[in-house]
Amino acid sequence: MPEGHAIHRFARLHRSRLAGRRFSAASPQGRFSDGAARLDGRRLDAVDAAGKHLFYRWEGGLTLHVHLGLYGKFRVFDGDPPAPSPNTRLAISDHDVTLYLSGPADCSLVDPDEEEGIRARLGPDPLADGHAGAARFATLLARRSVPVGAALLDQKVAAGIGNVYRAELLFLEGIDPRRRAASIDDQTAHRLWERTVAEMRRGERAGRIVTVDPADIGARSRRGLDPDERLYVYHREGLPCRRCGDAVVRHESAGRWIWSCPGCQPA
DNA sequence: GCTGCATGATGAA
DNA sequence: TCATCCTGCAGCA
């Protein structure tokens with residue numbers, strides 16, 4: 001679940017539901033006991049997102065850094081929460097609301113230097129920077145010798161893109177993932193960035209990744225798209241392309257699977 | 001009940 | 001390029 005759209009959505013939801021409250025904090029799993037003890041009894045002031053990273057600002061100048069990685073999950077409950085699972089890394093609660101965090105790749109208190117170090121490793125963020133990130137993205141992309149599919153997963157090139165978006169964005173722009181990043185001309189790179197901004201904003205709003213234009217599937221459902229109608233190529237190997245009918249293909253890119261349409265994304 | 005996978009990232013080789 | 005870490009759950013027997 002957690003590409004940048006989900007992280008920014010968590011920041012927005014946690015900001016509105018949790019910020020301004022004073023929490024008791026604990027680490028049921030025990031692996032964040034020291035940190036939880038320092039947060040216990042403090043007020044959460046603000047929540048910021050950068051790429052796939054979250055920063056929770058606490059009373060007294062403490063900052064909690066959370067990166068969900070592949071497995072991390074938040075659960076929020078109003079009123080009486082169920083018992084936390086044994087792997088709950090962090091639990092914060094007051095009388096009205098409870099947040100459980102399990103499986104994060106990182107959950108730690110960071111000082112300003114450490115936060116700066118994390119941010120320094122990130123390229124422009126489509127959701128935080130919007131159009132303003134385009135030029136920097138184009139410059140970074142042009143400097144990469146790797147295939148564009150791999151470059152898009154590199155958080156130093158664009159912060160927040162993950163395996164679903166990279167495949168879908170390259171489909172939408174008609175770019176074969178195996179083309180060298182440096183071969184993408186400046187205008188195409190700008191278009192790719194603007195597409196990224198638009199699609200990730202859409203995903204942030206929807207709470208899920210949806211890239212299809214309803215016109216391409218013959219928009220029939222008033223309830224919205226079925227789960228397997230939301231994407232063009234991701235996990236659709238062997239199925240006909242929604243645009244041209246060619247069979248979607250799967251190949252490896254940066255150690256992960258990527259999907260593309262040979263007809264819509266010519267080499 | 002067990003297995004394998006998943007929208008991530010890092011450090012060593 | 002490989003191994004490793006972080007969990008939960010769908011899909012199977």
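Just so you know, these numbers come straight off a predicted model, no measurement behind them. Residue numbering restarts at 1 for every chain, and letters A, B, ... go by the order of the sequence lines.
Heavy atoms of A:Gly72 sit nowhere under 4.0 angstrom from any nucleic acid atom.
Between A:Arg22 and A:Glu59 there is a salt bridge, since a side-chain N of the basic residue sits under 4.0 Å from a carboxylate O of the acidic one.
For B:dT7, the OP1/OP2 oxygens have no side-chain nitrogen or oxygen of A:Arg166 closer than 4.0 Å. The phosphate of C:dT7 has OP1 or OP2 within less than 4.0 Å of a side-chain N or O from A:Arg89. Residue A:Asn87 places at least one side-chain N or O closer than 4.0 Å to OP1 or OP2 of C:dG8. When the side-chain nitrogen and oxygen atoms of A:Ser85 are compared with OP1 and OP2 of C:dT7, none of them lie within a distance under 4.0 Å. Using a 4.0 Å cut-off, no side-chain N or O of A:Gln155 falls inside it from OP1 or OP2 of B:dG8. Within the structure, a side-chain polar atom (N or O) of A:Arg256 is placed less than 4.0 Å from OP1 or OP2 of B:dT7. Taking 4.0 angstrom as the limit, A:His235 places a side-chain polar atom (N or O) nearer than this to OP1 or OP2 of B:dA6. At C:dT7, one or more side-chain N or O atoms of A:Arg31 fall inside 4.0 Å of OP1 or OP2 (strictly under the cut-off). At the phosphate of C:dG8, neither OP1 nor OP2 sits under 4.0 Å from any side-chain N or O atom of A:Lys73. For C:dC6, neither phosphate oxygen OP1 nor OP2 lies less than 4.0 angstrom from any side-chain nitrogen or oxygen of A:Gln29.
Aromatic pair A:Tyr100/A:Phe77: ring centres closer than 6.0 Å.
Rounded to whole Å, the distance from CD1 on A:Ile209 to P on B:dA6 is 14 Å. Atom pair A:His67:NE2 and C:dC5:C1' shows a separation of 13 Å (rounding to whole Å applied). Atom-to-atom, CZ of A:Arg121 to C1' of B:dG8 comes out at 13 Å; the value is rounded to the nearest Å. Atom pair A:Asp154:CG and B:dT10:C1' shows a separation of 13 Å (rounding to whole Å applied). Distance, A:Lys52 NZ to B:dA9 C1': 9 Å, rounded to whole Å.
The main-chain N or O of A:Asp45 is never found under 3.5 Å from a side-chain atom of A:Arg57 such that the two would form a donor-acceptor pair.
Both stacking criteria are satisfied for A:Tyr71 over the base of C:dT7: a centre-to-centre distance under 5.5 angstrom and an angle between ring planes under 30 degrees.
For the P atom pair drawn from B:dA13 and C:dC5, the interatomic distance equals 14 Å after rounding to whole Å. Nucleotides C:dC9 and B:dA9 are separated by 22 Å at their C1' atoms, to the nearest Å.
Note on ring orientation: taking the six-membered ring where Trp is involved, the planes of A:Trp58 and A:Phe23 are perpendicular (angle over 60°, cut-offs 30° and 60°).
Each of A:Phe10 and A:Val110 belongs to its own hydrophobic cluster when Ile, Leu, Val, Met, Phe, Trp and Tyr are linked at side-chain heavy-atom distances under 4.5 angstrom.
Pairing of B:dT7, defined by two Watson-Crick or G-U wobble distances under 3.5 Å, is not identified with any nucleotide.
Checking B:dA9, B:dT7, C:dG8 against the side-chain heavy atoms of A:Ser102 singles out C:dG8 as nearest.
Contact check for A:Arg119 versus A:His53: no side-chain heavy atoms found under the 4.5 Å cut-off.
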